[in-house]
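Counting starts at 1 for both ligands and their atoms, following the listed order. As the structure is a prediction and not an experimental result, all values here were calculated from the model.
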Amino acid sequence: MSLILAIESSCDDTSAAVLRDDVLLSNVIASQKVHEQYGGVVPELASRAHQQNIVPVVDTALAKAGVERGMIDAVAFTRGPGLLGSLLVGVSFAKGFAQALGKPLIEVNHLQAHVLSHFIREDENTQVPQFPLVCLLVSGGHTQILLLRSHFEMELLGQTIDDAAGEAIDKAAKIMDLGYPGGPIIDRLAREGNADAFHFATPNIKGYDYSFSGLKTSFLYFLRDQLVADPAFIETHKADLCASIQKCIVDFLIKKLERAVVACGARNVAIAGGVSANSLLRSRIQELGVRRKWTTFIPKMQYCTDNAAMVGIAGYYKFLKKEFADISLPPYAR
Ligand code: KG4
Ligand code: ZN
C-alpha cells in the first residue's frame with residue numbers, strides 16, 4: 001500500500017491530490033480568477049497566485065484524505081510542459097516537502113497525466129481502460145492522437161501541425177468578444193444555436209494530423225466581411241456562430257480519430273484534456289463507440305481540465321516501477 005501526494009501547477013490551476021495506490025482520496029483545485037480581466041493567462045500573475053495557493057491547497061488535500069504528512073510515501077509533481085514560473089512553484093514545493101520527509105520524488109509529464117486520468121479509481125468498481133488504448137488528447141496547448149500499449153508506452157499517431165483545438169476555440173470566442181476561457185462559453189451558447197447555419201471548411205492534412213490555424217483565420221475573415229454589411233452580425237447570430245464553429249472543430253477531431261482507431265485495431269478509445277469537457281465532443285464519442293462497438297472513456301468533468309489527481313495516478317504507476325526523480329531536476333516549458 002502506498003500513499004502519494006501529487007502537485008499540479010503547470011498553468012493557472014493550483015491543485016493537490018492524495019491517492020492510496022490507484023484510488024483517489026482527495027483532489028483540491030484552486031482556479032485563478034485574476035486572469036479573466038486580461039482575456040488570457042498572465043504568467044507573472046499565475047506564479048504569484050500559485051505561491052499564495054499552494055500551502056492551503058496541499059493542507060486541504062491532506063485533511064480531506066485524512067492523511068498526515070508523515071504518512072506520505074512519495075511526492076509526485078508536474079515537471080512540464082507548462083509555464084516555467086508556474087511549474088517552478090509546484091516543483092520547488094514538491095522538492096521541499098519530499099526532502100523534509102525524506103521521501104522520494106516522482107516527476108510527471110503533464111500530457112501523460114491527462115491521458116492516464118482514465119486510470120484514476122474512485123472506488124473498486126471504477127472501470128479502467130484495457131490496452132491497446134487510443135486517446136485523443138485535446139487541450140489548450142495540445143491536440144494529439146496517441147496509441148498506448150501500456151501506461152507509459154505512448155505512440156504518437158497524429159497531432160496538430162500548428163494551433164491546438166482549444167486554442168482555436170478560445171480564439172474564436174475572443175474574436176466574438178465572448179470572454180475567457182472561450183471553450184465553456186462557446187459550449188453553452190452553442191446549445192441554443194443551429195450548427196448548420198454557417199459552414200467553415202477544415203483543411204486537408206495528411207494522415208492523422210490536424211491543423212487549426214487556417215480555420216481561425218477564415219473565421220476571422222468571414223466575420224469581418226459580415227460586419228461590414230451588418231455591424232450587429234455577431235450579436236444577432238451569436239448562438240449559430242458558436243454552434244457552427246464548434247461542430248466544425250468536433251467533426252474534424254472525430255474524423256481523424258475514427259480513422260486512426262480503425263487503422264490500428266484498438267477497441268478502447270478515450271478522450272482527455274480540457275476540450276474533452278466539450279458536450280458535443282463527449283456525445284459524439286459516445287455515439288461513435290456505440291456504432292463501432294468500442295469501449296469509450298470520457299473523463300468526469302473534474303478530470304478534464306488541469307488537476308493533481310491525474311498527476312497522482314501517473315505518479316503511482318511510476319512509483320510501482322521505482323522511477324524516482326533527482327532533487328536537482330529543473331522544470332521544462334516544452
Ligand atoms: O487541459 P487544459 O485545462 O489546459 C491545458 O493544459 O491547455 O485545457 C484548457 C482548454 C482551453 O482551451 C479551454 O477553452 C478548453 O480547454 N475547454 C473547453 C471546454 N472547457 C474547457 N473547450 C470546449 N468546450 C468546453 N466545455
Ligand atoms: Zn492540461
> Do Asp326 and Lys95 meet the salt-bridge criterion of a basic N to acidic O distance under 4.0 Å?
Replying inline: no
>> Considering both backbone and side-chain atoms of Gly140, is one of its nitrogen or oxygen atoms within less than 3.5 Å of a nitrogen or oxygen in ligand 1?
In response: yes
> Should we say atom CG of Asp123 is surrounded by more than 12 heavy atoms from elsewhere, each under 6.0 Å from it?
Replying inline: yes
> Quick one: does His110 get within less than 4.0 Å of ligand 1, heavy atoms only?
Replying inline: yes
>> Only heavy atoms of Ser139, strictly under 4.0 Å: list the atoms of ligand 1 that pass.
In response: 1 (O), 5 (C), 6 (O), 7 (O), 8 (O)
> With a 4.0 Å cut-off on heavy atoms, does Gly141 reach ligand 1?
Replying inline: yes
> With a 4.0 Å heavy-atom cut-off (strictly under), which part of His142 contacts ligand 1: side chain, backbone, both or neither?
Replying inline: neither
> When you measure from atom 2 (P) of ligand 1 to every protein heavy atom, which one gives the shortest distance, and what is it?
Replying inline: Asp306 OD1, 3.6 Å
> So Phe233 and His237, would you call those rings parallel, tilted or perpendicular, with 30° and 60° as cut-offs?
Replying inline: tilted
For residues 315-323, tabulate all N or O donor-acceptor pairs below 3.5 Å that involve a side-chain atom, not counting sequence neighbours.
residue: Lys318; atom: NZ; partner: Glu107; partner atom: O; Å: 3.0
residue: Lys321; atom: NZ; partner: Glu323; partner atom: OE2; Å: 2.9

> For Asp13 and Ser31, does a side-chain donor sit closer than 3.5 Å to a side-chain acceptor?
Replying inline: yes
> Counting only heavy atoms, which portion of Asp170 has something under 4.0 Å from ligand 1: side chain, backbone, both, or neither?
Replying inline: side chain
> Is it the side chain (CB and beyond), the backbone, both or neither of Asp187 that lies under 4.0 Å from ligand 1, heavy atoms counted?
Replying inline: side chain
> Has the side chain of Arg149 got a donor or acceptor atom that lies under 3.5 Å from a matching backbone atom of Phe131?
Replying inline: no
> What's within reach of the Zn ion (ligand 2), meaning protein N/O/S atoms under 2.8 Å?
Replying inline: His110 NE2, His114 NE2, Asp306 OD1
> Is a donor on one side and an acceptor on the other found under 3.5 Å between the side chain of Asp170 and the backbone of Gly183?
Replying inline: yes
> Should you measure from each heavy atom of Gly166, which atoms of ligand 1 turn up under 4.0 Å away?
Replying inline: 12 (O)
> Should one rank Gly183, Gly274, Ala113 by closest heavy-atom distance to atom 21 (C) of ligand 1, which comes out on top?
Replying inline: Gly274
> Nearest 0.5 Å, what's the CD1-CG distance between Ile285 and Leu253?
Replying inline: 8.5 Å
>> Among all the protein's non-hydrogen atoms, which is closest to atom 24 (N) of ligand 1, and how far away is it?
In response: Asn278 ND2, 3.1 Å
>> Test of understanding: given a 4.0 Å heavy-atom threshold, classify the contact between His114 and ligand 1 as side chain, backbone, both, or neither.
In response: side chain
> Is it true that atom NZ of Lys256 has more than 12 heavy atoms of other residues, nucleotides or ligands lying nearer than 6.0 Å?
Replying inline: yes
> Hey, is Glu235 close enough to Lys238 for a salt bridge, meaning N to O under 4.0 Å?
Replying inline: yes
> Any donor-acceptor pair under 3.5 Å linking the side chain of Asp196 with the backbone of Asn194?
Replying inline: no
> Is the count of non-hydrogen atoms from other residues, nucleotides or ligands lying under 6.0 Å from Arg69 atom CZ greater than 12?
Replying inline: no
> What atoms of ligand 1 come within less than 4.0 Å of a heavy atom belonging to Thr305?
Replying inline: 3 (O)
